[in-house]
Structures are given as structure tokens and as C-alpha cells.
Amino acid sequence: DAGVIQSPRHEVTEMGQEVTLRCKPISGHDYLFWYRQTMMRGLELLIYFNNNVPIDDSGMPEDRFSAKMPNASFSTLKIQPSEPRDSAVYFCASSGAEGRGHLHFGNGTRLTVT
Amino acid sequence: EDKVVQSPLSLVVHEGDTVTLNCSYEVTNFRSLLWYKQEKKAPTFLFMLTSSGIEKKSGRLSSILDKKELFSILNITATQTGDSAVYLCAVEARYAGGTSYGKLTFGQGTILTVHP
């Protein structure tokens, strides 16, 4: 298996622009997570899905953030409008039969908002 | 609010040394504690612990959980330069108001540097 695939690897955008991050989980995994990592706050859970249904979005910072999972093999995280404080590495992760806590992370998207 | 605290925040050792990394937690509806290793990119899974007192081992790494004291340690013996990384501890809990598990709260990590 190719593992969790995220795109793009790097994204540089100007404040106010819309940003869309993409994720393809491991086939057969029924949980998908979006995390954000910064030096100051570490790894923070933004939202997670079970069988394509959002279970907990309490970590989404504000209404500028939205996430969708239209099918079992694809998810997006959108930020509109983006702000400099959104600059971070965004990780997508999935888990399955090994246990929900056993996450397989993608390589992340490094977002820079200027 | 669930909380995970790791110590020390950073550690510098020489090859061959043994290190112990600590993780304490406060969580409602605990399910499991996990250790991850993060090098340049994504965290990679090391261990999942659910029962107290049962050691998990993988090569030179081992970990144990104490559910009474809300504590876990990760030991690395005969350290090598390839062990240099950030080690993350996380706890899995049931999400508020529901019956489904899967919500992970991560600690801030321990930065381990192993010099040759």
C-alpha cells in the first residue's frame, strides 16, 4: 500500500486566499483524521471522520475551516479566507483494524500564508 | 480537557546510553496510550498500551503503562544516532458526548538527540 497520500506537499499563499488540502487515506481504513502541527502548540486534532461521517470537529479553529469526506478514499480541508496564523504543517492520518489510535500519517502539507 | 505532559522536553545523550522518556496524562474515558516517533516528516507508530504493567518491546525500545498513576515510560537502550527524533506520547479517549473512540490528544514531545 502507498500509505496516506497528501497534496500538495508545500503551499504558499497570500492572506485572504482560499486553500484546499487533499488527502487519500489507506484503502480499507475507516477513520480519517486532520491534524495541525506548530512549534507553539504541537499536534492538534482538527477533525476526524468515521466511515466518511464527521465525528468530532471541536478542534476546528473557526468557521474559516471546513472539511469534507465525500467518499472513503478522499478528504479535503479547506481554509477560506486564509490568515498568516494558519501557517503550519497539516497532517492527514487514517486508522483501521489495528486500532483507532494506531494512526498512519501522511507526509503533511506545509502551509505558509504571507 | 484531556491533557498529556511529557518530560523532559529535550535530551542530549551519546551513543550507547540508555534513556527514559516520561509521559503523564489526565483523560476522561481512557482507552489507550500510544507512542510515536517523528523524524523529519510524519509521526510513525511505535507502541499502543492498554493494560497496566505489561511491557511492550520492539528491539531496543520498550514501554510500560501505569493506569493507576496515569503514567507511561518509553525506554531506549544502547541508543544510536538514528534514534534522534521527537518522541510523541498520545492518549486515546472517547469523544465527548458519544460512544466512539478515536480522539487522540498528543503531548508536546521529547526531542532526543544522540551524538556519536
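Chain A is the first sequence line, chain B the second, and so forth, proteins listed ahead of strands; every chain is numbered from 1.
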Visitor: Would you say B:F71 ends up clustered with B:W35 if hydrophobic residues are merged whenever their side chains have heavy atoms under 4.5 Å apart, either directly or through other cluster members?
Guide: no

Visitor: By a 4.5 Å heavy-atom criterion (distance strictly below it), what part of A:S58 contacts chain B: side chain, backbone, both, or neither?
Guide: side chain

Visitor: Other residues, nucleotides and ligands only: do more than 12 of their heavy atoms fall within 6.0 Å of CZ on B:R60?
Guide: yes

Visitor: Nearest 0.5 Å, please: how far is CG in B:L104 from OH in A:Y35?
Guide: 4.0 Å

Visitor: Considering only distance and modelled atom types, tabulate donor-acceptor pairs under 3.5 Å from the side chains of residues 2-13 of chain B, sequence neighbours left out.
Guide:
unit_1	atom_1	unit_2	atom_2	d
B:D2	OD1	B:T28	N	3.3
B:Q6	OE1	B:C89	N	2.9
B:Q6	OE1	B:G109	N	3.0
B:Q6	NE2	B:Y87	O	2.9

Visitor: More than 12 heavy atoms of other residues, nucleotides or ligands under 6.0 Å from CZ of A:R110: yes or no?
Guide: no

Visitor: Would you name the heavy atoms of A:F91 and B:Q38 that are closest together and state the gap between them?
Guide: CZ-NE2, 3.7 Å

Visitor: For atom CG of A:D63, is the number of surrounding heavy atoms from other residues, nucleotides or ligands below 6.0 Å larger than 12?
Guide: no

Visitor: My understanding is that only residues two or more places apart in sequence, or in another chain, count here; which of them pass side chain to side chain donor-acceptor pair (under 3.5 Å) with B:D66?
Guide: none

Visitor: So what's closer than 4.5 Å to chain B heavy atoms on A:E44: side chain, backbone, both or neither?
Guide: neither

Visitor: Closest heavy-atom contact between B:Y36 and A:L103?
Guide: OH-N, 2.7 Å

Visitor: Tell me, side chain or backbone of B:L88 under 4.5 Å from chain A's heavy atoms, or both, or neither?
Guide: side chain

Visitor: Sort by residue number and list every residue of residues 40-55 of chain B having at least one heavy atom under 4.5 Å from chain A.
Guide: B:K41, B:A42, B:P43, B:F45, B:M48

Visitor: If you group Ile, Leu, Val, Met, Phe, Trp and Tyr whenever their side-chain heavy atoms sit less than 4.5 Å apart, what else falls in with A:Y90?
Guide: A:M15, A:V19, A:L21, A:L32, A:W34, A:L46, A:I47, A:F49, A:M60, A:F65, A:M69, A:L77, A:I79, A:L111, A:V113

Visitor: Around atom CD of A:E14, are there more than 12 heavy atoms from other residues, nucleotides or ligands closer than 6.0 Å?
Guide: no

Visitor: Do other residues, nucleotides or ligands put more than 12 heavy atoms under 6.0 Å from the NZ atom of B:K67?
Guide: yes

